[in-house]
Amino acid sequence: MTKPATPATEPDHKTSNFLRQIIENDLYKGTYASRRWAGSPGDAAHHASGQPDPAKIRTRFPPEPNGYLHVGHAKSICINFGLAQEYGGVCHLRFDDTNPEKEDTEYVNSIIDAVKWLGFSWSQPGNDKAYQASDYFDFMYRAAEALIEAGYAYVDEQTAEEMRTNRGDFGKPGVNSPFRTRTVEENLARLREMRDGKLDDGAAVLRAKIDMASPNINLRDPAIYRIRRATHHNTGDTWCIYPMYTFAHPIEDALEQITHSICTLEFEDQRPFYDWLMERLCECKLLAAPSPKQYEFARLNLTYVITSKRKLAQLVAEGKVNGWDDPRMPTIVGLRRRGYTPESLRLFADRIGVTKSDSWIDYSTLEGCLREDLEEKAHRGMAVLNPVKLVLTNWDEVFSPGHLEACSQPALPHSDESTLVPERHFTLGKEVWIERDDYEDVPPKGYKRLFPGNKVRLKGGYVIECTSAHRDASGTITEVLATLIPDTKSGTPGSNSVKASAAITWVGVADGVQAEVRMYDRLFLDPQPDAGGKDFLENLNPNSLKVITAFVEPSLANAAVDQKFQFERHGYFVADRLDHVAGLNPVFNFAVGLKDSWGK
Ligand code: ATP
Ligand code: MG
């Protein structure tokens with residue numbers, strides 16, 4: 001299991017938030033000190049046979065394996081695993097796979113990868129496996145029968161329509177179902193018939209018997225089991241009844257001895273049912289007190305980003321992007337392919353913090369975290385993204401025809417004497433690639449780069465003086481001409497005796513390598529692409545991807561897959577995980593600009 005690296009930028013002391021306060025308070029009061037842990041999830045009897053729980057707290061990250069995780073999940077992962085790490089606890093990875101239809105092992109594997117890649121681990125003494133909620137189906141069924149026996153549940157056979165009408169609404173109390181007064185025996189028999197496939201899908205549901213007049217609609221006898229003939233990826237056709245999420249989730253937490261069950265705010269109204277169920281099942285002695293408690297935090301809303309697996313799946317299915325790991329996707333695999341590092345995402349989670357009210361985080365906050373992380377560690381390199389050829393017309397006289405002058409530059413800018421700074425090597429020859437917009441016939445005001453009569457430095461090379469440019473019949477510049485000024489090579493004595501008005505980046509024609517560079521921009525034009533029921537497919541940015549052919553210096557062409565760079569003057573780029581082949585087929589993805597240009 002990978003041990004999480006501490007991000008260099010992590011603050012020394014964590015700022016407090018309401019979750020830390022709750023946990024610290026529980027640890028201080030010993031709320032969970034009496035818990036036992038039998039080494040695996042289980043009921044009250046199982047844990048009673050175990051040791052006092054060595055984990056001070058237990059949290060969990062419970063994704064439904066029905067899609068790839070996104071940046072919102074990254075926040076939840078950082079919160080849950082982060083808190084467990086901080087307080088001597090364990091965070092469980094649990095696949096919430098109680099819904100038979102949507103799950104897929106492809107998603108299961110991608111979730112495992114994502115959590116590990118972010119630098120977290122769910123392993124604990126004696127257990128390296130992630131948990132699956134579907135492993136608890138037997139217990140859940142037992143719990144359902146126990147609730148019936150205690151008079152807390154009944155089988156309802158109203159039609160869906162009748163149930164909806166009789167539930168009432170915010171202003172109107174519900175009406176009791178005619179099936180609500182069934183005897184325990186009748187309910188048990190009926191539930192068993194549901195389980196044994198004697199009833200059609202939708203013909204009956206098991207409901208908790210709470211209060212049809214409750215002001216909280218979630219307490220108006222919520223459904224806890226339904227009939228659904230569907231093959232489950234784990235349990236196959238063993239079951240034709242499946243528990244509802246609101247029933248399953250608290251039970252999953254309790255079987256795993258979770259202490260702090262942290263979820264997003266939309267579950268706030270479910271908390272009373274969570275507590276109700278925990279109390280009833282403790283009363284029935286199926287579960288051991290103290291029960292887990294649910295706490296809600298605000299989900300991540302990020303501008304220009306969609307954080308709904310369903311909608312992201314739609315983008316993939318309709319071919320609006322090239323798969324879940326398209327670098328424009330806010331999925332963890334997409335962000336990773338875009339050049340995001342685990343450190344940058346953890347920094348982001350830290351920086352946005354945990355709150356109890358919904359808000360929108362500006363996309364530039366996420367980008368800032370990546371920039372901050374890469375600033376110190378990404379090697380520098382020169383790439384020409386919009387190339388035009390520059391010819392040094394006096395080259396043959398100053399050197400000799402065909403001569404290549406060896407040049408080098410530090411790969412990292414911040415050097416002090418104690419650290420060995422890696423060097424990049426490249427050559428200067430008679431012809432080099434420069435950026436097309438680094439030349440102007442007539443310089444606009446303030447323009448300091450190439451125009452006839454002006455001197456600039458080829459970064460890491462010589463000072464040159466521009467003389468003219470050639471154009472083709474359509475007026476497009478085909479070549480810029482300049483002369484090299486001898487004895488001005490960077491790093492040699494007296495190299496600064498000739499003043500250059502700017503330093504421009506370049507790549508030698510002789511050793512530069514052609515590279516595919518994928519310039520990404522925001523996927524949506526609207527900062528809140530799906531807010532208020534907007535059709536997010538209507539505001540896709542048609543220019544979110546531009547593929548260009550660039551020239552890069554040898555150190556970039558030979559990049560390792562996934563290696564991040566600062567292309568000088570251009571921003572941060574990553575060697576594409578899938579398509580880049582060092583030396584042979586360099587492919588780079590634009591990760592983030594040098595400065596915050598978002599929304600400008
Ligand atoms: P989606 O609507 O994208 O499918 P979900 O909440 O249904 O999201 P789950 O797989 O159930 O996805 O989520 C696993 C965990 O991640 C949950 O605890 C959930 O609260 C959390 N989570 C999901 N989306 C966000 C978000 N945008 N911000 C923070 N946490 C999130
Ligand atoms: Mg969900």
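Note that ligands are numbered from 1 as they come in the structure, with each ligand's atoms numbered from 1 the same way.
Side-chain atoms of R299 never come within 3.5 Å of backbone atoms of T264 as a donor-acceptor pair (strictly under, hydrogens ignored). Checking side-chain atoms of S110 against main-chain N and O of Y107 turns up a donor-acceptor pair under 3.5 Å.
Close contacts of ligand 1 with K309, meaning ligand atoms under 4.0 Å from a residue heavy atom, involve 1 (P), 3 (O), 4 (O), 8 (O), 9 (P), 10 (O), 12 (O). Residue L300 approaches ligand 1 through these ligand atoms, each under 4.0 Å from one of its heavy atoms: 26 (C), 27 (N), 28 (N), 29 (C). Contact atoms of ligand 1 toward S308: 3 (O) (distance under 4.0 Å to a heavy atom of the residue). If you number the atoms of ligand 1 from 1 as listed, the ones under 4.0 Å from a heavy atom of P63 come out as 10 (O), 14 (C).
Annotation: Q51, atom CD; neighbour count of heavy atoms from other residues, nucleotides and ligands within 6.0 Å does not exceed 12. By the neighbour-count criterion of 12 heavy atoms within 6.0 Å, atom NZ of K534 is densely surrounded, having more than that number from other residues, nucleotides or ligands.
If you look at F267 next to ligand 1, there are no close heavy atoms at all, none under 4.0 Å. By the criterion of a heavy-atom distance under 4.0 Å, neither the backbone nor the side chain of R310 is placed next to ligand 1.
Ring pair F267/Y245 is tilted by interplanar angle, where 30° to 60° counts as tilted.
Residue-to-ligand polar distances place T264 within reach of ligand 1: an N/O pair is separated by less than 3.5 Å. Between E266 and ligand 1, no N or O atom pair is found at a separation short of 3.5 Å. Residue R299 places at least one N or O, backbone or side chain, under 3.5 Å from an N or O of ligand 1. By the 3.5 Å distance cut-off applied to N or O atoms, G72 is counted among the residues near ligand 1. Residue R60 places no N or O, backbone or side chain, under 3.5 Å from any N or O of ligand 1.
Between E256 and R60 there is no salt bridge, since none of the side-chain N atoms of the basic residue sits less than 4.0 Å from a carboxylate O of the acidic one. Classification of R164 and E161 as a salt-bridged pair holds, one side-chain N sitting under 4.0 Å from a carboxylate O.
Residues L335 and P330 come closest through the heavy atom pair CD1-O, 3.7 Å.
Among H70, E296, E64, the residue whose heavy atom lies closest to atom 24 (N) of ligand 1 is H70.
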